[in-house]
Amino acid sequence: MSASQSLGGSSRCGRILGPSLDKIIKNAAWRKHSQLVSSCKSTLDKLESISESVDSKSPLLGFSSSDAEYVLQPLFLALDSAYAKVVEPALECTFKLFSLGLICGEIDNSSHSVIVFNIIDAICKSGGLGEEAIELGVLRVLLSAVRSPCILIRGDCLVQIVRTCYNVYLGGVNGTNQICAKSVLAQIMTIVFTRVEEDSMDVSVKRVSVSELLEFTDKNLNEGNSIHFCQNFINEVMEATQGVPLKPSPIDIPNASPPLPKQAVDEASTDTEAGTDGSKIREDGFLLFKNLCKLSMKFSSQQHPDDRILLRGKILSLELLKVVMDNGGSIWRVNERFLNGIKQYLCLSLLKNSALSAMAIFQLQCSIFMNLLSKFRSGLKKEIGMFFPMLILRVLENVLQPSFLQKMTVLNLLDKLSQDPQIIIDIFVNYDCDVDASNIFERIVNGLLKTALGPPTGSTTSLSPAQDITFRHESVKCLVSIIKSMGAWMDQQIRPGDLNLVKTPESTSVGESPLTLNGEEGNASDLELHPDVNSEFSDAATLEQRRAYKVELQKGISLFNRKPSKGIDFLISNKKIGSSPEEVALFLKNTVGLDEAKIGDYLGEREDFSLKVMHAYVDSFNFKGMDFGEAIRFFLQGFRLPGEAQKIDRIMEKFAERFCKCNPSSFSSADTAYVLAYSVIMLNTDAHNNMVKDKMTKADFIRNNRGIDDGKDLPEEYLGALYDKIVRNEIKMKADSSAPQSKQENSFNRLLGLDGILNLVNWKQNEEKAVGANGLLIRHIQEQFKSNSRKSESAYHVVTDVAILRFMVEVCWGPMLAAFSVTLDQSDDRVATSQSLQGFRHAVHVTAVMGMQTQRDAFVTSVAKFTYLHCAGDMKQKNVDAVKAIISIAIEDGDHLQEAWEHILTCLSRIEHLQLLGEGAPSDATFFTSSNFEAEEKTQKTLGFSSFKKGTLQNPAMLAVVRGSSYDSTSVGANPSALVTPEQINSFISNLNLLDQIGNFELNHVFAHSQRLNGEAIVAFVKALCKVSISELQSPTDPRVFGLTKIVEIAHYNMNRIRLVWSRIWNVLSDFFVSVGLSENLSVAIFAMDSLRQLAMKFLEREELANYNFQNEFLRPFVIVMQKSNSTEIRELIVRCISQMVLSRVSNVKSGWKSVFMVFTAAAADERKNIVLLAFETMEKIVREFFPYITETETTTFTDCVGCLLTFTNSRFNSDVSLNAIAFLRFCAVRLADGGLVCNKNSSADGSSVVLTNGVSDVHALTDNDDHVSFWIPLLSGLSKLTYDPRSAIRKSSLEVLFNILKDHGHLFSRTFWNSIFCSVIFPVYNSVCGKRDMNILDGHSSVSVHTEGSTWDYETSPVAAECLIDLFVTFFDMVRSQLPGVVSVLTGFIRSPVQGPASTGVAGLMRLTGDLGKRLSEEEWKEIFLCLKDAATSTVPGFIKVLRTMSNIAVLKISQSSDHDMTNDEFDDDNLQTATYVVSRTKNHIAMQLLILQKAPAILISRQHQSPY
């Protein structure tokens, strides 16, 4: 051991070379390998004497260039010996040299390090020795060489290393070695392209996972622990080279890149390949990538169609390309050369391999495509738009005869794709919103829907039932992932302040784009994916316009394909194309998706516009320099000739004209071209129609065309050549495909422009045979890719505006709803139904947040129907899961459900109903009949169906539920006549046990969670709950109070909300309680009112600040129901409720007093005595004990209190109530005069303010602006009106109280206010007397009636009223002097009375007035009095005369002829008798009044003279 360690000298390289060379010498055959042995010995000797030196050009560290070549020569000879025993130590030695970084430099066939190149070449050749250990050693050395940061292996050398590993993989001695070779290749790709990415040799390299490499292929190569062995093999080599320092001096990588080796340049190289980016590392990476792509495009020859080795090599190439793309970074996006490399080589490889049916190839293609889509989509927009339909959608849309593994691969790819939200959004934005692209997102969703629905009924399919179910479940899973990703992207983009942007479609206008252009606020991964210039941010409004344009255009194309003329008219009217024939012709020529047969039909029409379009269409072709056969073939590529001869004639006539115009010297006239065109078309049909048995010969064709050139013959050679071309190559449209395809597929292919490309692809071919091996076609497609790479790409759009989701939802919501619903309805598989419910939840989330009401309600309604709560006898576990989903939706998306809350709350109501039935609890209808109307909260009962009572089975409510009903029926069990079988009952009981999974906590959580809803949501929630409650309560057979009790809970939970929100909530609840309180069902109404009382009691616990009106609004339902209800019980209950609330919460009542008094006012006018007395009892207590609270914060409530008391004064049931009410009015007046209205707001309506005090000494006279004016007027006016009351006691009491109030507190009134009082309060009291004039008996036909009420006032009340008026006027004469004319007028009004009593009262009052005020009256005032007296005396005369004149119309019998007993109706009727009696009475009264005036007038005059100062 020690001897071997000393071999090779003291240098590092020598210590590695020495022992290896010694081992080579020992293992070599001396005669066969004499030169090798000699070289090893001399090298050992030289190593002993060599000292380390520095040589930058030396391939071996520490040696000069010449010494390095000398000492490495034995290794080369050993490796080149093809003798295993010698090769093995040589491989071990080179491995150590490479892994330790002792070999340096740049290695290719043109470099200075020829010896290292030769060594690697010899190592590669050693791989074919067929020895297991040698193969592993070769792989080990090659990987270490590539991994070494000190060596840059370039060009052919790198390709040769890859090829050697390929060969080991394809022909290795065992499966383990082949897996190792595959793993080494994958690791080499990772190393090379990691360096390419960073353009550096010293990089951190990810280690490959061997198990992942066997994902698609080679699982059969695994021999027990092969995977573990290979993984350790890779790890060992990578760890051996880890930490080797980079030696910059031996590796000189100049910026200028030398030209690629000649043999590395492919004949198809383009200008883009020749371009350099200044890096040899990247040059080599690009070369390796290109060679991998070419290797993946090799097809087996016709002599060996089943070349399995070639197929394995192709698959390996695709696997390595997958590794490259898996690890690809930004270089593939930002570097134009590498991006174009993907377009030119990788895309072409995918295209060609699409023809193969090998499952591994298809899986690898899909995996590579997924990488391109997820990482490089911004630069591959057109390519992805081409391959997506070809690779993915063709398989996805094949419902009847799909390959199971292929379709599962596609579904798995779509599942991965749909989990990336940005990819989903980008696909829709860049393809579905692009006029020139296919609707990829729409087709994905529709394809998944078709798969989820399965093959149509009656169709023939190759799928087994198990496969069909698998497809259905996977497609639903993909749809769920899509809608989930849309929701995740929406949540990411929306911030709390942005919710208003998605409420309505109008919220985002074209001028206002809520785009996020700041990278910090955008999606980081998205911005990383789209840094290149082809990406641009777009707003949703612009995309909406593009999407709308595309939808309209496609609608027009679809219409054209049915009715061409209507389609063109539609497109022109919607401004999708111009109205000129040239623009329409251009549309027909260039637009994909048009039916070629319809184009031909339209061009052949004889209408003027169609004819002009056809002329413009033909004139758009340039046939200059074309042979006639080529020209007609080129012309007919875009449309199919119509079947009608006249249409063909018109088209060919124009074609002939155009051809001759472009080629003037071709024929003598256009007629020649016209006839020849017809002949060519006939020949084409004859030669290529299988129905024609006798084919036209060349001689026949020439004979048919004799004399067509102005009587001359065309050259036979010309016609013969034309015949041969047509027969050999059929004239057909470019869209015609040799493979039969469905009409839908053809239309789709035309839309994408993939017709020629898809001719290459045939899914039914053998795995190795490339369809359409026509080299011309392949080169044509390759040129198409290259031309695409040179074109400027259309912009790749990136959008951050969530409004784009509206358009996506419009596309996908219908298919998703159908897929989820069908799965949930038809499948009982727990996984499938769970996925569908998840899809519903995510769909509700997206549509609800985006404010899409129709779609949101559709999803919520569907889930609600699938709960089967309306027919519980048919419930299953999936229906219970639907109930759980409904609850989750309510909690998670409650802020955005709006009207959809009604469906959710209906479900919760039905759950509670079923739970109560299961517990055996009595129905709510039974509860209504009980006498206890106090609404106590229900005792929460845990679900335990063991308590299910047998008697419950006879419960009509139970039987109704068992029968079931439709979802939309308002009550469960809409068919009461249906019989219920024992089996149905047993099934129902069993299903009720399923509901045990849903406890009271889950139900109550929805309602408790309502306090977390936002302001809009809680209002919508309450509205929905009110609707549900009304529906429950209106049930004629089984009214329920679930909703009503929950309304009380909800109101309690949300009372602490801000006032604005609470006010909106209560507006809804108020209308609800009014509606229910007026219900015809008395029990329901009573329950509602009692529930309202509970709420009011809770609400009154909260203090209300001054000047607010919330309490009043809260109690308003009591007022409305009190005023409108026809039920005595309800009105009595309201009075009791209000009484209880006020008396128990009097200190908290503020603005609520107004509603309280309105209720009592309505009660005071009630027809029921007990209601009146009950209300007045409370009113009495309020006024006596709690009067200060009434006006504590709102002085205007004083007026309401007065109005209420005045209503009580009119009570006809009990005079004591009326009299007490009048007494309370006086009490109110005293409190008002004393300043007892304590309030916090002392401002009047006009803005002036006064200071109110409680002390009388501080009271001052009220001005017009005082608040008290508005308080006095209602009180005094009310008392004034009471003086008309027919009850004498009430009249007297009110009159006395009125004038006592005025007399006691009149000193507080201003002159202006006094004037107002006289006009509005005092004078109206006497109108009933003053207004009585002589009753007119005109024309002899009016009967006389006695005004008993007025007479009673006159005789009993007139003296008191006159005395009160005079006392008041005399007392406050100085303030009310201006009202003297009015007072005198009142007195003279008494005098004018036709009844003697009031007249005497009037005269006496006038006497007292003049007596008390004689000295204080002015001359003018005296004059006024006398004039009024004169007027009173004279004004009655005309009336009296008129009364006397009526006597002339009465025939009075003589006294001798009459007696009291013998007058009959024939002689003297009753009317005349009454009239005569009345006239006599009036005569007496008039004479008495005139005498009274004559007696008193002098006395008044004498009084005037005595008191006059003159």
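Side chains are part of it too, since the values below use all heavy atoms of this structure and drop only hydrogens, waters and symmetry mates.
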- request: To the nearest 0.5 Å, tell me how far Ile1065 CD1 sits from Cys1026 SG.
  value: 10.5 Å
query: Residues in side-chain contact (heavy atoms from CB on, under 4.5 Å) with Asp825, at least two apart?
result: Phe866, Tyr868
- request: Could you tell me the separation between the OG atom of Ser1079 and the CD1 atom of Ile1086, rounded to the nearest 0.5 Å?
  value: 10.5 Å
- prompt: Closest heavy-atom contact between Arg806 and Met852?
  reply: O-CE, 3.5 Å
- request: Any salt bridge (charged side-chain N to carboxylate O under 4.0 Å, His left out) involving residues 834-851? Give me the pairs, sequence neighbours left out, ordered by first then second residue.
  value: Arg841-Glu892
task: Check whether any side-chain N or O of Asn1014 sits under 3.5 Å from a backbone N or O of Ala1017 as a donor-acceptor pair, and report yes or no.
output: yes
field: Test item: Leu1013 and Trp901 side chains (from C-beta on) under 4.5 Å apart, heavy atoms
entry: yes
task: Mark yes when over 12 heavy atoms from residues, nucleotides or ligands other than Lys878 sit less than 6.0 Å from its NZ; otherwise mark no.
output: yes
- prompt: Can you list the residues that meet the side-chain contact (heavy atoms from CB on, under 4.5 Å) rule with Ala900, with sequence neighbours excluded?
  reply: Arg856, Asp857, Val860, Leu897
query: Given the rule in the side-chain contact (heavy atoms from CB on, under 4.5 Å) test, do Asp1071 and Trp1066 qualify, once you have shown the distances and angles that lead to the verdict?
result: CA-CA 8 Å; Asp1071 294 339; Trp1066 190 249; over 6 Å; no
Minimum side-chain heavy-atom gap Leu1033-Asn1081 below 4.5 Å: no
task: Evaluate the side-chain proximity of His845 to Asp491: yes if any heavy-atom separation is below 4.5 Å, no if none is.
output: yes
query: Taking atom types as modelled, is there a side-chain donor on Ser909 or Arg1040 under 3.5 Å from an acceptor on the other?
result: yes
message: Run Phe1021 and Ile1018 through side-chain contact (heavy atoms from CB on, under 4.5 Å) and show every step you take.
response: CA-CA 5 Å; Phe1021 181 88; Ile1018 186 59; 4.2 Å; yes
task: State, without any angle test, whether Lys1023 and Asn1067 hold a side-chain donor-acceptor pair at a distance under 3.5 Å.
output: no
task: Calculate, to the nearest 0.5 Å, the distance between atoms CZ and OG belonging to Phe1087 and Ser1083 respectively.
output: 10.5 Å
statement: For Phe1072, the ring-ring contact (aromatic ring centres under 6.0 Å, His included) test, sequence neighbours excluded, returns none
- request: Go through the structure and list residues passing salt bridge (Lys or Arg N to Asp or Glu O under 4.0 Å) with Arg830, not counting sequence neighbours.
  value: Asp881
query: Hey, does the side chain of Thr847 reach the backbone of Val844 with a donor-acceptor pair shorter than 3.5 angstrom?
result: yes
Value rounded to 0.5 Å, distance of CD in Glu1032 from CG in Leu1025: 8.0 Å
field: Asn1054 side chain to Ser1010 side chain, donor-acceptor N/O pair below 3.5 angstrom
entry: yes
- prompt: Nearest 0.5 Å, what's the CZ-CE distance between Phe859 and Met816?
  reply: 7.5 Å
Non-hydrogen side-chain atoms of Val480 and Phe820 separated by less than 4.5 Å: yes
message: One pair to check against side-chain contact (heavy atoms from CB on, under 4.5 Å): Phe1073 and Leu1095. What are the steps and the verdict?
response: CA-CA 11 Å; Phe1073 279 112; Leu1095 281 179; 3.8 Å; yes
message: Taking salt bridge (charged side-chain N to carboxylate O under 4.0 Å, His left out) as the cut-off, I'd like each qualifying pair that reaches into residues 476-485, sequence neighbours left out, listed once.
response: Asp415-Lys477
message: Let's go through Asp828 and Thr833 carefully: what are the C-alpha distance in whole Å and the side-chain angles of both, what is the deciding distance for side-chain contact (heavy atoms from CB on, under 4.5 Å) to 0.1 Å, and is it a yes or a no?
response: CA-CA 7 Å; Asp828 290 329; Thr833 56; 5.8 Å; no
- prompt: Rounded to the nearest 0.5 Å, what separation is found between the SG atom of Cys1137 and the CG atom of Leu1115?
  reply: 11.0 Å
- prompt: Counting N and O atoms only, with roles assigned by atom type, does the side chain of Thr867 sit under 3.5 Å from a partner on the main chain of Val883, one being a donor and the other an acceptor?
  reply: no
